[in-house]
Every structure is written in structure tokens, then in C-alpha cells.
Amino acid sequence: MAEGPAKRVLVTGGAGFLGSHLCDRLIADGCDVLVADNFFSGAKENLAHLAGHPRFELLRHDVTFPLYVEVDEIYNLACPASPIYYQHDPVQTTKTSVHGAINMLGLAKRTGARILQASTSEVYGDPAEHPQTEDYWGNVNPIGVRSCYDEGKRCAETLFFDYRRQHGMPIKVVRIFNTYGPRMRPDDGRVVSNFIMQALRGEDITVYGDGSQTRSFCYVDDLIEALVRTMATPDDVTGPINLGSTGEFTMLELAAAVIELTGSASRLVFAPLPSDDPAQRRPDTTRAETTLGWRATTPLREGLARTVEYFRTAGAL
Ligand SMILES: NC(=O)c1ccc[n+]([C@@H]2O[C@H](COP(=O)([O-])OP(=O)(O)OC[C@H]3O[C@@H](n4cnc5c(N)ncnc54)[C@H](O)[C@@H]3O)[C@@H](O)[C@H]2O)c1
């Protein structure tokens with residue numbers, strides 16, 4: 001029997017870190033993939049290996065403007081994720097989340113596509129509850145330097161659920177916690193890339209605060225699996241669903257692992273904590289486990305080793 005036409009999937013922000021890995025996965029799954037990206041924090045090089053693939057297309061497009069294409073599924077990932085990038089032009093960051101959500105939801109409404117929003121653990125702000133469940137409403141500063149990202153993402157979630165309530169659309173919202181892996185930008189100021197780059201260059205490793213603040217780190221392959229599983233859930237599964245690793249590490253533990261894996265002679269130096277930096281953040285992933293049958297499984301050292309290898313070989317140094 002002949003196979004049906006390939007599923008047409010739009011990935012906004014597909015030239016970024018997570019988006020490019022998602023494209024690899026969707027192409028491997030036989031989908032027809034269209035990326036819309038303005039290359040603000042992403043790069044064509046992340047997708048260079050897919051150029052010329054018969055089921056892949058790359059469009060330079062800013063999601064703050066409407067897009068008219070025919071698709072079956074939309075993964076809305078467009079938005080700079082690291083503070084250096086999202087604070088560079090904070091008004092544009094809010095627009096990307098809010099106008100971007102409106103435009104993509106409008107597209108989903110017109111085409112009948114399922115649509116998934118890449119939200120973030122930042123919607124919990126500096127949480128007063130640990131670990132965070134999806135029912136926690138968060139503790140967010142509305143007027144700080146991180147607010148363009150946090151509040152933009154919160155408003156995007158509101159829009160997704162209002163489109164669901166008003167128009168009965170098949171929406172999915174996932175709240176992504178710290179994810180790392182190959183194709184992170186070496187200069188994006190996130191802790192994993194910072195530590196690895198400093199270690200590989202033999203520079204001092206900068207630890208903010210006393211290094212006792214904890215984070216949970218999810219390897220990119222695990223996260224992509226969760227995104228694909230979420231999209232495949234029945235229409236009544238809307239989320240929000242926390243996606244991340246539950247293993248907690250202090251910054252000092254992370255730094256020690258990076259030094260060991262890189263064989264670096266770097267020493268630790270301590271700097272003041274940036275404002276609004278949460279002391280601890282860890283997801284409760286019970287909902288992901290029960291709804292998706294998913295949990296992050298890649299051990300930190302294994303994921304770090306692959307990431308170190310990428311930074312060593314990708315010309316990042
Ligand atoms: N990586 C993480 O740990 C993490 C955690 C929480 C949430 N997220 C979310 O996942 C998504 C992807 O994150 P990432 O780590 O891959 O970040 P990234 O910065 O590497 O990718 C974002 C992509 O969106 C593009 N983009 C930005 N503004 C745009 C606009 N107006 N129009 C079109 N494209 C635009 C960028 O050029 C980039 O390619 C983001 O929405 C982010 O908020 C990521």
C-alpha cells in the first residue's frame with residue numbers, strides 16, 4: 001500500500017539549539033519540515049547538514065509578523081533563550097513571545113494544526129516551592145531585567161489557553177527546564193557553555209555567588225524525545241507539562257565535572273550573583289512521567305562529555 005503524504009511540520013526558531021535538534025528528529029521520522037527563523041540567536045550552520053534535503057525548507061522569517069503556510073503541526077520555539085540574547089533587545093523579546101504566539105496560534109486556527117509552545121521554567125520565577133509542580137503559579141518580578149522573557153512566556157501561555165477555551169484548539173504547552181548539549185552557542189552566557197568554554201581555553205571558571213545554588217540539567221536528546229511525545233498526545237492533553245531532569249547539581253559540582261572531563265587546569269573564581277537569579281530550581285516531572293511515559297535518562301557526565309566534544313571540534317575555541 002502506498003504511504004500517505006508526509007506530515008508537514010513548522011518549527012519556529014528551528015535554527016536554534018533545540019530547534020535544530022528537533023528538525024533532525026522530525027526529518028528522521030519522515031516529516032516534511034519547514035523552519036521559520038530570523039537568525040537572531042540561531043544560525044544557518046545548525047541546519048547546514050539538512051540543506052538540500054527534499055523534505056526540508058528554511059525560511060528567514062520573524063514570527064512577530066504573520067506567516068501564511070499550510071501545515072499539520074507547529075512547534076513554536078522562536079525566542080532567544082539565554083539572558084545575553086533576550087536582554088539585548090527586551091522589547092523585541094516580549095514581542096517575539098506575545099506577537100509570535102498570536103501569529104502562530106492564528107496560523108494553527110486557520111489550518112487546524114496542532115500547536116506546541118516551548119514555555120520555560122522561568123514562568124516560576126524565583127520559586128517559593130520546591131520542586132515546582134505545574135500547579136505552582138510562580139514568583140515572578142514583572143519589572144526586572146529578566147521580565148521580558150519570563151512575562152513574555154507567561155503571556156504566551158495565557159494566549160495558548162485562551163485560544164483553547166475560545167476556539168477549542170489542540171494546544172500543548174511544555175515548560176522546559178535547563179537543557180544543554182551540542183549546538184549551544186559558546187558565547188550565550190549559559191552556565192554549561194560558559195564553564196566548558198572557560199575550561200577548554202584554560203581560563204578561570206566564573207562561579208556566580210558561592211556556587212551552592214543548584215540546577216537540574218537535561219540532555220538535549222531526552223528533551224527532543226519529550227517534545228515529540230507531547231505533540232503525539234490526544235487533543236485533550238494540553239499541559240502545561242514540566243520537562244527537565246530531576247537530578248540536582250550545585251554549580252560547584254558542575255564545574256568540577258567540566259574540569260575533569262576537559263582535563264583543564266582552570267581554577268574557580270567567584271563573582272556576585274546576577275539579579276533575580278533563582279537559588280534553586282528543579283522540576284516535578286510526575287506529569288511528564290504519567291502522561292508521556294517519559295523521564296530524562298542521559299547521565300550528566302555522558303551528556304557533558306558529548307557537549308565538550310562538540311565545543312572542541314566545532315571551531316568554537
Ligand atoms: N535551552 C533551554 O534550556 C530552554 C529552557 C527553557 C525554554 N526554552 C525555550 O525553547 C526555545 C528554544 O530555545 P533554544 O535554547 O533553542 O534557544 P536559541 O536561542 O538557540 O533558539 C531560539 C531560536 O529562535 C529564533 N528567533 C528568535 N526570535 C525570533 C523571531 N522573532 N522570529 C523568528 N525566529 C526567532 C532564534 O534565531 C533562534 O534560532 C525557546 O523558546 C526557549 O525559550 C529553552
Side-chain angles (χ1 to χ4, degrees), residues 10-24 34-47 58-67 74-104 107 115-124 132 146 148-157 160 173-193 215-224 226-227 230 240-245 278 281 283 296 303 307:
L10 169 63
V11 181
T12 75
F17 160 49
L18 296 182
S20 60
H21 286 277
L22 177 62
C23 289
D24 288 341
L34 170 62
V35 163
D37 199 300
N38 68 353
F39 307 121
F40 174 67
S41 55
K44 278 185 219 162
E45 294 75 66
N46 288 338
L47 297 168
L58 174 56
L59 178 67
R60 180 189 291 270
H61 177 79
D62 186 323
V63 294
T64 62
F65 297 98
L67 179 63
I74 303 169
Y75 288 86
N76 189 36
L77 272 58
C79 186
S82 77
I84 289 182
Y85 281 87
Y86 72 65
Q87 289 171 14
H88 172 75
D89 185 348
V91 173
Q92 171 69 10
T93 300
T94 301
K95 277 189 186 171
T96 294
S97 278
V98 177
H99 292 196
I102 291 170
N103 288 327
M104 290 309 122
L107 175 63
I115 180 165
L116 178 146
Q117 168 67 0
S119 190
T120 169
S121 56
E122 300 284 341
V123 300
Y124 300 121
Q132 292 86 51
R146 303 170 77 108
C148 59
Y149 185 71
D150 304 5
E151 297 288 22
K153 288 286 190 180
R154 286 169 68 94
C155 184
E157 286 199 11
F160 268 69
V173 173
V174 293
R175 294 180 178 154
I176 303 169
F177 285 63
N178 264 339
T179 302
Y180 72 99
R183 300 189 198 143
M184 294 180 87
R185 290 185 83 115
D187 62 347
D188 74 358
R190 293 193 237 187
V191 65
V192 172
S193 44
R215 290 290 183 276
S216 51
F217 300 100
C218 180
Y219 187 63
V220 61
D221 290 359
D222 291 338
L223 196 274
I224 298 304
L227 295 184
T230 304
I241 303 177
N242 286 338
L243 297 179
S245 168
R281 200 190 272 134
T307 312

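Atoms within each ligand, like the ligands themselves, are counted from 1 in listed order.
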Judged by non-hydrogen atoms, does [X] sit under 4.0 Å from ligand 1?
X      : answer
His61  : yes
Asp37  : yes
Met184 : no
Ala15  : yes
Ser119 : yes
Lys95  : no
Glu122 : no

Next on the checklist: Using a strict threshold of under 4.0 Å (side-chain N to carboxylate O), is an ion pair present between Lys153 and Glu122?
Outcome noted: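 Result for this pair is no, no salt bridge flagged.
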Checklist entry - Any salt bridge between Arg154 and Glu157, counting N to O under 4.0 Å? => result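 Answer for the salt bridge query: no.
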Next on the checklist: For Phe39, is the CZ atom crowded, meaning more than 12 foreign heavy atoms sit under 6.0 Å from it?
Outcome noted: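 Yes - once you tally the heavy atoms of other residues, nucleotides and ligands closer than 6.0 Å, there are more than 12.
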Sub-3.5 Å N/O-N/O distance, [X] and ligand 1:
X      : answer
Thr64  : no
Asn178 : no
Phe17  : yes
Thr179 : yes

Checklist entry - So among Leu47, Asn46, Thr307, which one has a side chain to side chain contact (heavy atoms under 4.5 Å, CB included) with Arg183? => result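 Testing Arg183 for a side chain to side chain contact (heavy atoms under 4.5 Å, CB included) against Leu47, Asn46, Thr307 leaves exactly one candidate, Asn46.
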Checklist entry - What part of Phe39, side chain from CB on, backbone N/CA/C/O, both or neither, has a heavy atom under 4.0 Å from ligand 1? => result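 The backbone, only.
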Determine, considering heavy atoms only, which of [options] sits nearest to [atom].
atom                    : options                        : answer
atom 41 (O) of ligand 1 : Lys153, Gln117, Arg185, Arg215 : Lys153
atom 1 (N) of ligand 1  : Arg175, Arg190, Arg60          : Arg190
atom 28 (N) of ligand 1 : Asn38, Val174, Val63, Thr120   : Asn38
atom 24 (O) of ligand 1 : Cys79, Gly19, Gly42, Gly16     : Cys79

Quick test: of every protein heavy atom, which one is nearest to [atom], and how far off is it to 0.1 Å?
atom                    : result
atom 36 (C) of ligand 1 : Ser41 OG, 3.2 Å
atom 11 (C) of ligand 1 : Leu77 O, 3.3 Å
atom 16 (O) of ligand 1 : Leu18 N, 2.8 Å
atom 13 (O) of ligand 1 : Ala81 CB, 3.7 Å

Checklist entry - Quick check: does any side chain N or O of Thr93 sit under 3.5 Å from a backbone N or O of Asp89, one acting as donor and the other as acceptor? => result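 Present.
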Just which atoms of ligand 1 are under 4.0 Å from any heavy atom in [X]?
X      : answer
Tyr149 : 7 (C), 8 (N), 42 (C), 43 (O)
Pro80  : 19 (O), 27 (C), 28 (N)
Ala78  : 24 (O), 33 (C), 34 (N), 35 (C)
Phe40  : 37 (O)
Gln92  : 31 (N)
Ala118 : 10 (O), 41 (O)

Can you name the closest pair of heavy atoms from [X] and [Y] and give their distance?
X      : Y      : answer
Leu116 : Phe160 : C-CE2, 4.2 Å
Ala101 : Ala156 : CB-CB, 4.0 Å
Pro182 : Val220 : CD-CG1, 4.3 Å

Next on the checklist: Can you classify the ring geometry of Phe177 versus Tyr124 as parallel (below 30°), tilted (30 to 60°) or perpendicular (above 60°)?
Outcome noted: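 Ring orientation of Phe177 relative to Tyr124: tilted.
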